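Below you'll find the structure, written out as structure tokens, and then a few comments.
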There are 2 protein chains.
Amino acid sequence: MSKGDATRQAILERALSMSSVVGLEGISIGRLADDLALSKSGLFAHFRSKEALQLQVLEVAVRQFVESVVRPALKEQRGEPRLRALFERWLDWARSQSLPGGCIFVSATMEMDDRPGPVRDALARYQQDWVNVLATATRAGQESGAFRGDLEPAQFAQEAYGLMLSYHLFARLLRDPHGEARARAGFDALLKRAVGPVRQGRKHSSRRARNSPTRSATRSR
Amino acid sequence: MSKGDATRQAILERALSMSSVVGLEGISIGRLADDLALSKSGLFAHFRSKEALQLQVLEVAVRQFVESVVRPALKEQRGEPRLRALFERWLDWARSQSLPGGCIFVSATMEMDDRPGPVRDALARYQQDWVNVLATATRAGQESGAFRGDLEPAQFAQEAYGLMLSYHLFARLLRDPHGEARARAGFDALLKRAVGPVRQGRKHSSRRARNSPTRSATRSR
């Protein structure tokens, strides 16, 4: 890595951490330059505009997200193990030290949804990609026979995302110590519905239902 | 209403509409003055600081929310009718013409959760109040016998809020035409779990289960 690349990388990491707290619009070139002991013009040499910087911050975040959440989780077995891994790693990501303000995609979504432009377009593309990952993992669970055939993958994805978003509200804004456990309990219930009444009826008559990971996995509540 | 009060009211309405799009931090005193053909100093005479304006914008939003969502919904019968009314009116609120950027509390939450200060504190108080309304309505449903006794009201509230938040993501950022129908389907499923297996087992053996509003209510999908 050249010195220029290393500086660029350092700027992007700092800008990512900053924008998790103050949003993408809140990134200040002046504060970034101060924090990194660079001149403003030196910083502008790397990113010609705030918009270019915002776009690259999102790109860095996506790369990190794919490496720490998506790629390892997709190695898990189809069905519950894979979806649980996606959800747990997603929670880890939102609590990561490098994102003091929580998930950058969550804060950027509510910030940018009504601001037309290239940043909003890129964010919507990335979010749709992630929703597609969740929906595809759900479909793979159906194909393997682990989930109900009449489950709608997009429905599963939207509800799972809701659990992550309300986790942010309860844990971060309301500082509710039970927010995380409730997010997990909600995801358990979502998985239970995905497995469906055939395998998890009230009577638990089949061995499969008794041994289903939904019932036996460690829970935090 | 005196002329001063009317001006103040007009400023707050405009600031509320603006902040639903650009956030509470994005409120610009200069643009507000332009939009309303007031001088900046005239505007400052009404609100000594941007923070005072932000706090009053939230107050106005809360008053409107209570009038259009909470108060009418609480007149509905305990249990499903009341919770459905709360959820439907909440969706209406998020789509209201006076909030071009969607629910102000949603955007403000992701914006302010990491910005300590009086605005964050007020927002957290209002959000907790609303979560308590949802939890209390859930508890009333338990007391009336409509919902399972082992249901956790706070769990219900957090999951319901998640459905509203992911509705914002899907409908507003991703412009997914099915986002709203999925939010409703998710809420149907949440209510079904609240009613519980005793009344809604697979066999639908009781008359009550067959006639439950969860099953017969009009759905948009």
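Fair warning: this is a prediction, and the values are worked out from it, not measured in the lab. Per chain, numbering begins at 1; letters A, B, ... match sequence-line order.
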For this session: Tell me, for A/Ala183 versus chain B, whether the close heavy atoms (under 4.5 Å) come from the side chain, the backbone, both or neither.
Result: both

Problem set entry | A/Phe170 side chain near B/Val131 side chain, heavy-atom distance below 4.5 Å | yes

For this session: Would you give the length of the straight line joining atom CE of B/Met110 to atom NE2 of A/His168, rounded to the nearest 0.5 angstrom?
Result: 7.0 Å

Exercise. What residues of residues 113-127 of chain B sit under 4.5 Å from chain A when you count only heavy atoms?
Worked result: B/Asp113, B/Asp114, B/Arg115, B/Arg120, B/Leu123, B/Ala124, B/Gln127

Problem set entry | Nearest-0.5 Å distance that lies between atom OG1 in B/Thr109 and atom CG in A/Leu165 | 11.0 Å

When the side chains of residues 85-92 of chain B are checked against the rest of the protein, which donor-acceptor pairs come out under 3.5 Å, sequence neighbours left out?
from: B/Glu88; atom 1: OE1; to: B/Arg184; atom 2: NE; distance (Å): 3.3
from: B/Glu88; atom 1: OE1; to: B/Arg184; atom 2: NH2; distance (Å): 2.8
from: B/Glu88; atom 1: OE2; to: B/Arg184; atom 2: NE; distance (Å): 2.5
from: B/Arg89; atom 1: NH1; to: B/Ser68; atom 2: O; distance (Å): 3.0
from: B/Asp92; atom 1: OD1; to: B/Arg95; atom 2: NH2; distance (Å): 2.3

Seminar exercise, completed: Greatest number of non-hydrogen atom pairs under 4.5 angstrom with chain A, of B/Ala108, B/Gly101, B/Ser166, falls to B/Ser166

Exercise. Can you tell which of A/Gly162, A/Ala160, A/Pro100 has the highest number of heavy-atom pairs within less than 4.5 Å of chain B?
Worked result: A/Gly162

For this session: Determine whether B/Arg193 and A/Arg193 make a side-chain contact, defined as any pair of heavy atoms from C-beta on separated by less than 4.5 Å.
Result: yes

Exercise. Just how far is it from atom CD of A/Glu180 to atom CD of B/Gln158, taken to the nearest 0.5 Å?
Worked result: 10.5 Å

Exercise. Among B/Ser107, B/Ala154, B/Ser20, B/Gly23, which has the most heavy-atom pairs under 4.5 Å with chain A?
Worked result: B/Ala154

For this session: With rounding to the nearest 0.5 Å, note down the distance linking CG in A/Leu169 to CD in B/Gln128.
Result: 9.0 Å

Seminar exercise, completed: Interatomic distance, CG@B/Leu173 vs CD@A/Glu111, rounded to 0.5 Å, equals 11.5 Å

Problem set entry | Residue pair B/Arg182, A/Gln155: steps toward the side chain to side chain donor-acceptor pair (under 3.5 Å) verdict | CA-CA 6 Å; B/Arg182 283 194 216 104; A/Gln155 179 76 33; 4.7 Å; no

